[in-house]
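Below you'll find the structure, written out as C-alpha cells, and then a few comments.
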Amino acid sequence: MVSKKKGLGVLAMVLVFGMTVAGCDIFTNNNNNNNDDDDYDQDPLAGLAKIDLVGAASLFIAPASARGARNANDRLFKITDEGAVLEVAYEDDDGNPMTVTQAPSSITVLNDDFVVIDFGIPGNAHQNIFLVNSRTGAAYIFPIGIVDNATLNVGMYAGERIAHDDKGNIYFIGNTVGESRAVLIRLAITDPEKVTTTIVTVPGDGVSSFAVDKDGNVAYNGHNSNNNWLARFRYFNGDLEMLSTRDGGFTFWTGFNGKLYYFDFTDTITGTSDSSVIKEILTEPFSVVGYGNNDWKEQVYNGYSTYRGFLRIKTPKRIIAYLQDNMVEVYNEQKNNATAIPLSTFGLASIKLAAVSDDHYFLTGASNSGTASRNVLVKVDPLDNSYVTLLDGGYEISAMTVGSDGSVTFNALRLSPYGQVMGTVSSPDDLKILDVALGSEVTVLERIR
C-alpha cells in the first residue's frame, strides 16, 4: 500500500509479474479533496498540482543562490530554448502559487511527454515523487523510486537506464514499497491517473543491468535471493530462459532492429577461442548466436564486460559503447561488424561524459596532449570519426546534455574567471555563458525535449 496524502485516497499497487490491474489508480493527481490524513499538514508537498515545466528545454537542480548550501537548499530550474534560466514555479489545484521548500533530488526523463521528479531521498520508494507532464506541468503522485545509475556500483552498471518497447511501455530499474532489492519495472501510461505497472523480474532477483527488445521481451542480470550472479531472458508473456553468466554480469543493449545484444568476455577470461564476444539473442526459437568478429576484444577487455553507457546516433545509424578509457562501435549500418575506436582518434586520453544529437556525438575528457589536466569537449562525426574541438581547456565540465540540433548545454568549473557556470556551445566560436549564479556544480542536468 502507498502512504496516503490529502487527495490521494487508498492506492492499491499490484506489482507482481502477470498480475496487473488495468487502469488502477496508482498515480493520482495530487489535487482531489476527499481525504483528510493526520499527516497532511506535515507534508510540504501536499496539494501540489503543477510543476511549471512549460517552455523548458532542459532542467537542472542546484542551490537557489551562489551562497546556498548544497542539497538542503537545492531548487529546480529550467532552461528555455532561448537560454533563459528560471526557477521553476509550483501551483496548487486552484492554480494558486505554492511555495515548495522541499529540495528536489533527481530528474528522470521517461519519454517526450513525462518526467519523474523526486523530492525525497534518491531511490526511496515512498512519498514526494511525482510524475510530471513535461508539456503542461501537471503533477501526479509517483509511488516508485527510480534507481539512478549513480546509486549503483558504477563499475557494474550499464545497459539501458530507461527503455521502451513497440507497445508503448516504459521500463526502468526501480524500488517499490515492500521490495528490498532494485527490480525491473514495466510502466504503461495511457492516462496519468490510470496507469499500470508490472514487476518483470523474478521474485528475489535484484537487477543491475537490462535491455528490452521491440516486443517487450527483456534480458537482465544481477543477483538472486542467494546473492549469486545471474542473467535471465524473460518473454513478455512471462516465460523464462537462463543466460550463461559469470561474476560481473553482462552489458545488454537493444539494436536498431529491435533485437537484444550483449558483451560476453567469458572466453577471453578462460583463454578459449570464440567467434565473437558480442552475442545476439534470438527469440523464435530461443538461442544465442555470435555477432561480428573478435579481433578487437583484447583492446577493450578490462576485467568486466560492462560499459558506462551507449551512444545511439540516428543518422548515420551507429551504436557506440564507451568506458572511461575505450570505445567500441558495436553497430554500423554500413558493415556487419564491431570495431574498437582508440580515444587518440579524438585527441583524448580519457572520457568523462558523452552525449548525442541526431547526427553527431560529443565527448568531454582529458586531452592526450599539452597540459595533462586540460579538459576538452569534442564533437564527432560518426561517418568518418572526424572531430571538431568545441572547448579546448578552460572548463571542467561536470554535466552536459545535447539537443537534437547539436547545441550542448553544460555545467562546468570555469578556470578564469574562476567559478561554476552554466553555458551553451554549438561551434568553437559560439560559446555562451548563461545568466545564473552557482555556488557549486549542479546535482542533475537533463534535457527534456
> Do you know which two heavy atoms are closest between Ala366 and Asn375, and how far apart they sit?
Replying inline: N-OD1, 4.1 Å

>> A side-chain contact here means heavy atoms from C-beta on lying under 4.5 Å apart; do Leu391 and Phe410 qualify?
In response: yes

>> Pairing donors with acceptors under 3.5 angstrom, does anything connect the side chains of Asn411 and Gln420?
In response: yes

>> With a 4.5 Å cut-off on side-chain heavy atoms, are Leu45 and Phe119 touching?
In response: yes

>> Less than 4.0 angstrom from a charged side-chain N to a carboxylate O is my criterion; do Asp205 and Arg232 meet it?
In response: yes

>> Pair Thr424, Leu434 - check side-chain contact (heavy atoms from CB on, under 4.5 Å), show working.
In response: CA-CA 8 Å; Thr424 63; Leu434 304 183; 4.2 Å; yes

>> Between Phe77 and Phe60 (judged by ring centroids, cut-off 6.0 Å), do the two rings come close enough to count as a pair?
In response: yes

> Judged by modelled atom types alone, do Asp384 and Ser386 share a side-chain donor-acceptor pair under 3.5 Å?
Replying inline: yes

>> Within this structure, what is the CZ-CG distance for the pair Phe362 and Leu353, rounded to the nearest 0.5 Å?
In response: 13.5 Å

> Distance from Leu110 atom CG to Ile170 atom CD1, nearest 0.5 Å?
Replying inline: 5.0 Å

>> side-chain hydrogen bond (donor to acceptor under 3.5 Å, both in side chains), that's the test. Do Thr283 and Asp215 meet it? Break it down for me.
In response: CA-CA 10 Å; Thr283 59; Asp215 297 318; 5.4 Å; no

>> Tell me the closest heavy-atom pair linking Asn332 and Glu329, and the distance in Å.
In response: ND2-OE1, 2.9 Å

>> What I want to find out is whether Lys314 reaches Asp358 closely enough, with some N-O distance under 4.0 Å, to be called a salt bridge.
In response: yes

> What distance separates Ile51 CD1 from Leu131 CG, expressed to the nearest 0.5 Å?
Replying inline: 9.5 Å

> For the side chain of Ser416 and the backbone of Tyr418, is there at least one donor-acceptor N/O pair under 3.5 Å apart?
Replying inline: no

>> Do Val202 and Leu240 have side chains that approach each other closer than 4.5 Å (heavy atoms only, starting at C-beta)?
In response: yes

> Closest heavy-atom contact between Ala355 and Val402?
Replying inline: CB-CG2, 3.5 Å

> What distance separates Lys259 NZ from Asn217 CG, expressed to the nearest 0.5 Å?
Replying inline: 12.5 Å

>> Can a side-chain donor-acceptor contact be found between Thr254 and Asp213 if the only test is distance below 3.5 angstrom?
In response: no

> Considering only heavy atoms from C-beta outward, does the side chain of Asp93 approach that of Lys50 to under 4.5 Å?
Replying inline: no

>> With a 3.5 Å distance limit and no angle check, can you tell me whether Thr198 reaches the backbone of Val200 through a side-chain donor-acceptor pair?
In response: no

>> Keeping Arg181 on the side-chain end and Gly204 on the backbone end, is there a donor-acceptor pair under 3.5 Å?
In response: yes

>> I need the single residue from Asn224, Val218, Val207 that forms a side-chain contact (heavy atoms from CB on, under 4.5 Å) with Thr201. Which is it?
In response: Val207

>> Under a 3.5 Å threshold, yes or no: a donor from one side chain and an acceptor from the other, between Asp113 and Ser134?
In response: no

>> Nearest 0.5 Å, please: how far is CG in Leu187 from OH in Tyr171?
In response: 10.0 Å

> For Phe252 and Leu260, what are the C-alpha separation, side-chain angles and deciding distance, and is it a side-chain contact (heavy atoms from CB on, under 4.5 Å)?
Replying inline: CA-CA 7 Å; Phe252 298 102; Leu260 297 181; 5.8 Å; no

>> Just verifying a value: how many Å separate Leu59 CG and Ile448 CD1, rounded to the nearest 0.5 Å?
In response: 4.0 Å

>> Students often mix this up, so state it plainly: with edges at 30° and 60°, are the rings of Phe142 and Phe172 parallel, tilted or perpendicular?
In response: tilted

> Is there a side-chain contact (heavy atoms from CB on, under 4.5 Å) between His360 and Asp381 once you walk through the steps?
Replying inline: CA-CA 5 Å; His360 287 79; Asp381 185 342; 4.0 Å; yes

> When you look at NZ of Lys214, are more than 12 heavy atoms from neighbouring residues, nucleotides or ligands closer to it than 6.0 Å?
Replying inline: no

> Cation-pi between Arg234 and Phe210: NZ/CZ under 6.0 Å from ring centre and within 45° of the ring axis?
Replying inline: no

> Stepwise, does the side-chain contact (heavy atoms from CB on, under 4.5 Å) test hold for Arg135 with Arg449?
Replying inline: CA-CA 9 Å; Arg135 302 180 188 279; Arg449 69 172 61 90; 3.7 Å; yes

>> For Asp435, is the CG atom crowded, meaning more than 12 foreign heavy atoms sit under 6.0 Å from it?
In response: no

>> Between Arg374 and Asp392, does any side-chain N to carboxylate O distance fall below 4.0 Å?
In response: yes

> Any side-chain heavy atom of Val421 within less than 4.5 Å of one from Leu438?
Replying inline: no

>> Applying side-chain hydrogen bond (donor to acceptor under 3.5 Å, both in side chains) to Ser208 and Asn221, what does each step give before you reach the verdict?
In response: CA-CA 6 Å; Ser208 61; Asn221 67 26; 3.0 Å; yes

> Are side-chain heavy atoms of Thr409 and Thr401 found at a separation under 4.5 Å?
Replying inline: yes

> Would you call Asp52 and Lys78 a salt bridge, using N to O less than 4.0 angstrom?
Replying inline: yes

> At their closest point, which heavy atom of Ile173 faces which heavy atom of Ala182, and how far apart are they?
Replying inline: CG2-CB, 3.6 Å

> Looking at Ser58 and Arg447, what are the two nearest heavy atoms and their distance?
Replying inline: OG-CD, 3.4 Å

> Heavy atoms, side chains only, cut-off 4.5 Å: are Thr364 and Tyr395 in contact?
Replying inline: no

>> I'd like to know if the side chain of Glu91 reaches the main chain of Asn96, judged simply by a donor and an acceptor atom lying under 3.5 Å from each other, with no hydrogens or angles considered.
In response: no

> Taking the side chain as C-beta and beyond, is there a heavy-atom pair between Met327 and Ile351 under 4.5 Å?
Replying inline: yes

>> Can you classify the ring geometry of Trp253 versus Tyr261 as parallel (below 30°), tilted (30 to 60°) or perpendicular (above 60°)?
In response: parallel

> What heavy-atom pair brings Tyr322 and Ala354 nearest, and what distance separates the two atoms?
Replying inline: CZ-CB, 3.7 Å

> Which of parallel (below 30°), tilted (30 to 60°) and perpendicular (above 60°) describes Tyr331 and Phe256?
Replying inline: tilted

